[in-house]
Amino acid sequence: MREVLDELDRRYRRGETVALGTVVSTFRSAPRGPGASMLVAADGTVTGSVSGGCVEGAVYELAQDVIGDGTPVLQRYGVSDDDAFSVGLTCGGIIDVFVERIDETSFPAFTEMVASVNAGEPVAVATVTEHPDAATVGRRVVVWPDRADGALGSDRMNEAVIDDARGLLDVGRSGTLHYGPDGQRRGAGMSVFVNVFQPPPRMLVFGAIDFAAAMAKLGSFLGYRVTVCDARGVFATAARFPAADEVIVDWPHRYLAAEAEAGRVDGRTVVAVLTHDPKFDVPLLEVALRMDLAYVGAMGSRRTHDDRLARLREAGMSETELARLSSPIGLDLGARTPEETAVSIAAEIIALRWGGGGERLVRTEGPIHVHEVAPPRQHG
């Protein structure tokens, strides 16, 4: 929902009724992941996408029906064929799209939820997408780490879903949960999609050089909150790094340690060390490699890399800790310019996040995106 949230909020505040289609499950080579959303307004305006264009026409028609009668619908779209090209996926994947009506009556906690998202406060929206009782489909509860608003049905249902939603909120992952009709953890019949909104992950770029400017721009494009840090105030200026969310003048290792102590880095944080100067990068890597971070990469030649490893070993770092270091940084793309190098680094971060091998797809076989096999769906 995040990509359409501003438009949804604008129309909600004006008292309009809209339909929201959300990808709640994906299988095999699905074009977009869970949480991808498409907003359809009563005036026909469309915002967002659920498949990159494959099934938007069909979802649009379904959304118009949902606006009209208010009945939410869970629809599966699979492999397309010559007879159903307009409502199939040419990629060979399968997606489940849940289409629901959103207005002040159906979603009274929406404004508070949006306020939390805008404030960077973790929040999740748990919505029943399948249930034997049609009246239960579409019910939702908004879940924060310390409170919840809404009701799905019985106390048992509420307790199970809220507890599991907080688990997903903790790891920052959206997904569909399955229960028995009354929230039994061992059962089937009820599916609940939990849409998780976490503050954007952080990208910490150390070294106020031209490569850092390119990295900040690409990191921001990928959805990271970007910080550029360098101890040299003459170079670390906001004017030199307009794409960064903040520019910090401090010793890199001291800044990272302080951010960790304050709880502002986590397992989604990526660190790019672009200083290639031992007095900066060795103390910094001593701190970074002992943290649970998503990625730690360091720029430099292979000679610089070997010298850096020797210094880190002398500082007492273990081979397990050193194995977390991506150095020389990035994938082998033949990059030359700062912008090309930033793409190389970003490609490595993406590959590690999703388990990609970094190979040319033309030289590989099998699904492009690896998802679970679609199970048969039971309809009550």
Side-chain angles (χ1 to χ4, degrees), residues 202-216 218-219 224 226-236 241 247-261 264-353 355-359:
R202 297 190 67 185
M203 173 179 286
L204 307 181
V205 182
F206 294 98
I209 62 176
D210 49 357
F211 289 92
M215 194 70 245
L218 190 52
Y224 288 93
V226 181
T227 299
V228 175
C229 176
D230 197 301
R232 302 165 297 178
V234 67
F235 298 115
F241 302 97
V247 180
I248 303 295
V249 179
D250 199 352
W251 279 87
H253 71 283
R254 185 169 61 190
Y255 173 73
L256 180 58
E259 290 297 284
E261 180 67 23
R264 289 191 287 267
V265 298
D266 57 28
R268 302 179 301 150
T269 302
V270 301
V271 168
V273 181
L274 309 183
T275 52
H276 50 75
D277 183 334
K279 71 175 178 290
F280 290 118
D281 59 20
V282 171
L284 170 60
L285 290 171
E286 283 188 67
V287 175
L289 293 175
R290 290 189 170 112
M291 293 181 177
D292 180 20
L293 303 175
Y295 175 85
V296 179
M299 177 178 283
S301 66
R302 296 196 184 279
R303 179 179 296 178
T304 298
H305 170 68
D306 291 340
D307 176 71
R308 183 187 291 131
L309 288 182
R311 292 172 183 267
L312 290 170
R313 289 188 180 101
E314 289 176 3
M317 300 211 70
S318 69
E319 295 304 313
T320 299
E321 291 168 335
L322 293 178
R324 299 174 186 152
L325 176 62
S326 295
S327 174
I329 198 170
L331 296 185
D332 181 12
L333 303 183
R336 294 291 186 270
T337 68
E339 291 76 15
E340 290 174 346
T341 302
V343 171
S344 168
I345 297 168
E348 183 176 37
I349 292 171
I350 294 169
L352 290 174
R353 178 182 181 186
E359 296 289 331

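Both backbone and side-chain heavy atoms feed into the values below; hydrogens, waters and symmetry mates do not. Each residue takes its place number in the sequence, starting with 1.
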Taking the side chain as every heavy atom from C-beta outward, state whether [X] and [Y] have any pair of such atoms under 4.5 Å apart.
X    : Y    : answer
V270 : Y224 : yes
H253 : E286 : no
L256 : M291 : yes
V296 : R324 : no

> Considering residues at least two apart in sequence or located in another chain, which fulfil the side-chain contact (heavy atoms from CB on, under 4.5 Å) criterion with A208?
Replying inline: D230, F235, A236, R240, F241
>> Please determine whether side chain to side chain contact (heavy atoms under 4.5 Å, CB included) holds for the pair E321 and R290, giving the CA-CA distance in whole Å, both sets of side-chain angles, and the decisive distance to 0.1 Å.
In response: CA-CA 6 Å; E321 291 168 335; R290 290 189 170 112; 3.4 Å; yes
> Does the pair V273 and M299 meet the rule for a side chain to side chain contact (heavy atoms under 4.5 Å, CB included), with working shown?
Replying inline: CA-CA 6 Å; V273 181; M299 177 178 283; over 6 Å; no
Distance, nearest 0.5 Å, that separates [atom1] of [X] from [atom2] of [Y]:
X    : Y    : atom1 : atom2 : value
L284 : T275 : CG    : OG1   : 6.5 Å
Y295 : I349 : OH    : CD1   : 5.0 Å
L204 : I248 : CG    : CD1   : 10.0 Å
E348 : I329 : CD    : CD1   : 6.5 Å
M215 : I345 : CE    : CD1   : 5.5 Å
F280 : W251 : CZ    : CH2   : 4.5 Å

>> Could you check whether R303 pairs with D307 (Lys NZ or Arg NE/NH1/NH2 to Asp/Glu carboxylate O, under 4.0 Å)?
In response: no
Closest heavy-atom contact between [X] and [Y]?
X    : Y    : value
L293 : T269 : CB-O, 3.6 Å
R308 : S327 : NH1-OG, 2.9 Å
A298 : L325 : CB-CD1, 3.9 Å
A347 : L331 : CB-CD1, 3.7 Å
F206 : P252 : CD2-CB, 3.5 Å
P328 : G300 : CB-O, 3.6 Å

> Looking just at side-chain N and O atoms, do T304 and S301 make a donor-acceptor pair shorter than 3.5 Å?
Replying inline: yes
>> Main chain of A335, side chain of E340: is a donor-acceptor contact present, judged purely on distance under 3.5 Å?
In response: no
> Between the main-chain N or O of R264 and the side-chain N or O of R202, is there a donor-acceptor pair closer than 3.5 Å?
Replying inline: yes
